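Heads up, the thing below is written out as structure tokens.
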Amino acid sequence: MAVSMREVDAVFQGAGQKDGLEIWRIEKLQAVPVPKESHGRFFTGDSYVILKTTALKNGSFRHDIHYWLGKDTSQDEAGTAAIKTVELDAALGGRAVQYREVQGNETERFLSYFKPCIIPEEGGIASGFRHTEINEREHVTRLFVCRGKHTVHVKEVPFARSSLNHDDIFILDTKSKIFQFNGSNSSIQERAKALEVVQYLKDSNHEGKCDVGSVEDGKLMADADAGEFWGLFGGFAPLPRKTFSDLNGKDSAFSSNLNKGQTVPVDFDVLTRELLDSTKCYLLDCGSEIYVWMGRETPLEERKRAGSAAEELLREVNRPKSHIVRLMEGFETVIFRSKFSKWPKKADAVVSDESRGKVAALLKRQGFNVKGLAKAAPVKEEPQPQIDCTGNLQVWRVNGTEKTFLSFSEQCKFYSGDCYIFQYSYPGEEGEECLIGTWFGKKSVQDEKTTAISVASKMVESLKFQAVMVRLYEGKEPAEFFSIFQNLVIFKGGVSTGYKKFVSENGIEDDTYSENGVALFRVQGSGPENMQAIQVDTAATSLNSSYCYVLHDGDTLFTWIGNLSSSMDQELAERQLDVIKPNLQSRMLKEGSEYDQFWKLLGVKSEYPSQKIAKDQESDPHLFSCTFSKGVLKVREIFNFTQDDLMTEDVFILDCHSCVFVWVGQRVDTKMRAQALSVGEKFLELDILMENSSQETPVYVITEGSEPQFFTRFFTWDSAKSAMHGNSFERRLSIVKDGVKPKLDKPKRRPTTSSSHTGRSSVPDKSQRSRSMSFSPDRVRVRGRSPAFNALAANFENPNARNLSTPPPAIRKPSPKSPSSDPTKPPQRAASIAAISASFERPRPTLIPKSIKASPDVNKPQVEASKPKPEANGKDSTPSKDSPTVTPTIQEDLKEGQPENEEGLPVYPYERLRTSSINPVTDIDVTKRETYLSAAEFRERFGMTKEAFAKLPKWKQNRLKIALQLF
């Protein structure tokens with residue numbers, strides 16, 4: 001039902017258009033804006049309306065409205081605040097959730113807006129009280145009681161020994177010193193959070209200049225702080241066992257009762273969504289909360305009456321501490337929906353956007369400024385992977401109860417019927433970092449999954465839990481996984497001992513992939529440094545207009561180009577040909593111009609989709625503290641979280657929908673640490689946020705002190721905090737008392753592997769990680785060469801001939817700086833990578849390749865060779881006997897009687913030494929192809945001398961040789 005804007009207060013014009021807080025105070029029964037500098041200051045005699053606007057990743061806004069009632073506020077002001085809340089919601093399009101907040105019993109969501117706490121001040125607008133600045137009046141000693149493990153409830157209590165107890169934490173604020181008294185039954189986490197209140201009082205009441213003392217319950221006069229503290233109470237005396245009255249006690253529990261707006265009871269056996277009518281309002285009484293559900297088609301006046309009915313219900317049964325939560329149909333909270341036995345999947349907020357547009361139109365007709373009332377601009381996703389891609393990768397395949405190491409050439413070839421374990425070591429901000437993961441194919445067996453988890457867990461434990469562990473399923477891989485593997489091919493079937501033949505969803509029996517059989521691959525990815533070829537069912541229904549495909553039957557090879565695919569998709573398909581069928585010429589088929597032979601291989605021509613395959617999108621993160629005992633997981637959400645909410649004694653879950661992180665504090669017991677992965681899996685099973693989470697969602701397990709950048713990006717992160725000595729309380733106390741951070745633990749050695757790497761401080765952009773690639777559909781691309789080389793070679797090559805060269809992997813450049821390395825002396829690995837990268841990228845205006853493949857029918861022109869450039873050290877550039885002069889023609893490289901190099905071996909051109917050469921050299925040692933290059937060409941190809949190359953570790957030599965097709 002349309003809402004008349006005449007019923008909405010004009011003061012709410014333009015509200016909720018940007019992220020942040022907006023507050024109004026009720027003055028003379030009118031809502032008056034509160035200046036931003038006064039946010040967080042509340043008076044006991046006033047009522048307030050608070051709007052929290054949160055910009056979401058999908059570009060929309062979420063609105064939460066709270067009306068706060070001071071303990072001394074008048075009934076009229078309280079009623080006005082409740083009514084104004086409904087009007088504000090109407091101005092926002094009826095999409096906000098509304099909360100009633102009573103002084104001393106505020107919700108954790110509300111308190112999270114004003115961290116570390118709120119301390120209401122005496123007085124109010126109605127009494128004419130005007131607050132004076134603290135430094136203009138004499139300091140008054142005050143005693144506060146604090147409760148809360150994650151958000152702190154603070155209440156002033158009488159300054160008397162009788163106020164103290166063993167269960168709570170008390171803060172005594174005197175003129176010259178602030179004391180924190182820790183009850184013997186209070187937890188470490190509660191003590192640490194209370195210290196945030198001490199810091200707040202120190203800054204606000206003492207300008208940051210006063211002493212701080214900590215008093216432990218049970219310590220007597222032997223402690224200086226304890227003696228001074230008890231002296232203020234007239235001396236020490238035992239505290240009574242009876243605790244202070246419940247600060248935040250809940251009203252007695254009630255069974256759920258559903259009533260219509262006029263408090264007419266609704267009969268039901270099971271609480272279901274079908275009981276709610278869009279033309280009515282309902283009250284759901286759950287004891288500690290009363291929910292007011294407002295149908296979308298209800299008028300504004302009826303919504304106001306429903307809110308008043310809820311207030312009246314609390315007064316009638318004397319339940320002042322119960323919360324009232326008002327919700328509009330379509331915007332119900334998770335907690336409210338969880339009260340029902342069945343609740344349909346939450347649909348996208350299409351109606352809300354439409355409603356918001358109608359409200360904007362009504363406001364505009366009445367002369368209001370509605371700029372910004374429409375949907376917020378979508379938040380742009382960061383395209384770069386949140387991990388350094390220059391590290392060292394090792395992969396094992398699970399075979400029954402064992403693991404088998406995969407060679408470099410096989411580690412990026414997975415099978416859907418197998419399980420894999422990978423270990424990736426890479427340079428991080430604090431040194432070497434490590435990611436250990438398991439990957440489960442769609443058709444892998446449970447026994448091998450169990451083995452993979454067990455082996456990976458032992459690997460993490462052997463590294464003293466300093467490595468991050470991740471559990472992945474095929475089809476649910478995060479961006480970081482693909483960035484690590486860069487060029488991944490996933491075949492059907494399996495080669496492990498535990499693999500069993502299976503039947504696909506289309507009823508096709510899938511054998512393990514064979515090079516000589518029929519196979520169809522979907523090519524996907526974002527670029528040469530992130531591309532995959534996934535084998536799919538050999539059927540027309542597997543095609544999709546948004547992708548490119550590779551189809552082969554033995555020596556028959558097709559590349560199918562979807563009409564909606566991009567030039568990059570076509571580029572990647574070209575590159576994947578060199579992995580799947582490197583020695584065959586492919587026939588390119590545009591969608592709609594396929595050969596009969598193509599459809600015959602796919603069985604029969606049929607309909608297929610055109611939309612890109614949907615992937616889980618990262619949503620706004622939610623942080624939960626959790627306890628796990630006897631298979632039962634209990635969680636509690638932390639609102640507006642920061643790094644300080646991560647306590648070293650606890651386990652936390654960060655849910656981003658596309659993945660789940662389990663953060664384990666350093667002081668978590670060994671048993672709980674071992675169950676961390678089970679905690680994440682149980683969290684997905686419970687589906688706490690009711691988002692229909694998949695059980696195959698990636699789960700990361702992260703230990704405090706080893707947080708990767710793809711986790712810390714959700715916080716304003718200070719890595720020094722997770723390296724501090726002591727428990728949460730000891731760390732915070734050192735900061736509060738000394739005003740500086742405590743000493744850090746000695747730098748922890750990150751997990752190391754057989755290689756060393758150059759550290760770097762940030763994740764590079766794509767231009768830093770790989771050389772530029774381009775593709776034009778109008779020409780046959782020469783793969784595996786730099787653009788400059790391609791331009792030169794195009795003068796000699798037949799444009800109709802396909803180059804069979806395999807492209808080297810995307811060259812990964814090291815970061816320009818590293819906190820742990822000497823910038824004047826780049827490490828050996830960084831130098832070698834930079835050199836080989838430069839050999840592909842640097843302009844070479846006159847350098848002619850030694851040998852360029854050409855069609856037999858094409859004449860090969862004569863080209864003068866450029867003169868060698870002088871050496872950097874100023875030595876004579878005259879070619880030595882070790883560096884034979886480049887011959888003036890390309891054909892001369894093929895003449896017999898090759899010159900010998902410094903090793904006494906015949907010299908051959910690079911093009912004939914490559915493994916994919918069409919005119920390969922015979923009678924050579926194929927394991928040492930590089931030794932047959934001249935010194936000049938070796939330096940050109942490898943970016944270093946043969947002597948420097950010989951000093952490299954064997955695995956580095958092989959990696960470079962593989963990249964240049966000399967292995």
Side-chain angles (χ1 to χ4, degrees), residues 383-385 387-395 397 406-416 418 420 422 424 426 435 437 439 441 472 474-475 477-492 513 515 519 521-536 547-550 552 557 559 565-566 568-584 586 766 769-775 781-786 803-813 833 836-837 840 914-916 955 958-965 967:
Q384 288 84 7
I387 194 170
D388 189 290
C389 298
T390 65
N392 180 41
L393 176 65
Q394 295 176 289
V395 184
R397 180 173 55 246
L406 300 183
S407 65
F408 179 84
S409 60
E410 294 296 321
Q411 67 182 12
C412 290
K413 297 178 180 179
F414 283 13
Y415 288 82
S416 289
D418 294 337
Y420 296 83
F422 63 91
Y424 180 65
Y426 60 98
L435 175 65
W439 184 92
L472 304 174
E474 180 183 353
E477 303 91 347
E480 287 74 25
F481 175 81
F482 290 134
S483 297
I484 290 171
F485 281 84
Q486 295 203 344
N487 186 358
L488 182 66
V489 181
I490 300 178
F491 299 103
K492 281 181 174 291
Y513 170 77
E515 292 183 357
F521 294 86
R522 182 181 70 248
V523 179
Q524 61 188 37
S526 59
E529 75 290 347
N530 180 346
M531 58 180 178
Q532 306 88 46
I534 314 296
Q535 186 180 359
V536 295
Y547 296 91
C548 295
Y549 290 78
V550 173
H552 75 70
L557 185 62
T559 303
S565 63
S566 65
M568 177 56 71
D569 294 328
Q570 298 166 34
E571 161 91 10
L572 300 185
E574 273 286 290
R575 290 181 173 275
Q576 290 292 7
L577 287 174
D578 291 324
V579 178
I580 300 171
K581 286 288 184 179
N583 299 315
L584 290 179
S586 174
K766 287 187 177 181
R769 291 200 314 275
S770 61
R771 52 194 175 85
S772 59
M773 306 291 180
S774 60
F775 177 81
R781 185 183 184 283
V782 181
R783 298 190 303 281
R785 300 173 178 175
S786 68
N803 189 327
L804 299 175
S805 63
T806 302
I811 302 302
R812 302 162 171 171
K813 293 185 180 180
I833 292 177
I836 194 170
S837 177
F840 284 99
R914 295 189 320 168
T915 55
S916 60
W955 72 268
N958 291 340
R959 175 165 286 191
L960 289 172
K961 288 164 63 176
I962 291 172
L964 293 171
Q965 298 185 52
F967 187 77

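The model shown is predicted, which means the values in this text are computed figures rather than measured ones. Side-chain atoms are counted along with the backbone in the values below, which use heavy atoms only and exclude waters and symmetry mates.
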**Item:** Atom of Gln524, atom of Tyr547 and distance for their closest heavy-atom approach
**Value:** CB-CE2, 4.1 Å
**Complete:** Note: Gln570 and Ser565 closest approach over all heavy atoms is NE2-OG, 3.8 Å
**Prompt:** Can you tell me if Glu477 uses its side chain to pair, donor with acceptor, with the backbone of Gly475 under 3.5 Å?
**Reply:** yes
**Request:** Using side-chain contact (heavy atoms from CB on, under 4.5 Å) as the criterion, list what pairs up with Ala519, not counting sequence neighbours.
**Result:** Tyr513, Phe521, Gln535, His552
**Fill in**
Leu393 and Gln411 have their tightest heavy-atom pair at O-OE1, 3.3 Å
**Asked** Do you know which two heavy atoms are closest between Ser526 and Met568, and how far apart they sit?
**Response** O-CG, 3.9 Å
**Message:** Given Val579, which partner from the list Lys581, Gln576, Arg575 fulfils the side-chain contact (heavy atoms from CB on, under 4.5 Å) test?
**Reply:** Gln576
**Request:** Kindly state whether the ring of Tyr424 and the ring of Tyr426 have centres lying under 6.0 angstrom apart.
**Result:** yes
**Message:** In the structure I gave you, are the side-chain heavy atoms of Val523 and Asp569 within less than 4.5 Å of one another anywhere?
**Reply:** no
**Request:** Return yes if some donor-acceptor pair links the side-chain N/O of Ser586 with the main-chain N/O of Thr559 below 3.5 Å, else return no.
**Result:** yes
**Listed partners of Ser409 passing side-chain contact (heavy atoms from CB on, under 4.5 Å), at least two apart** = Ser407
**Prompt:** Do the side chains of Cys412 and Asn487 get nearer than 4.5 Å, heavy atoms only?
**Reply:** no
**Message:** Quick check: closest heavy atoms across Asp418 and Trp439, and the distance to 0.1 Å?
**Reply:** O-CZ3, 3.9 Å
**Asked** What distance do Asp388 atom CG and Ile484 atom CD1 have between them, rounded to the nearest 0.5 Å?
**Response** 10.0 Å
**Message:** On a heavy-atom basis, which atom in Tyr420 and which in Leu406 lie closest, and how many Å separate them?
**Reply:** CE2-CD1, 3.8 Å
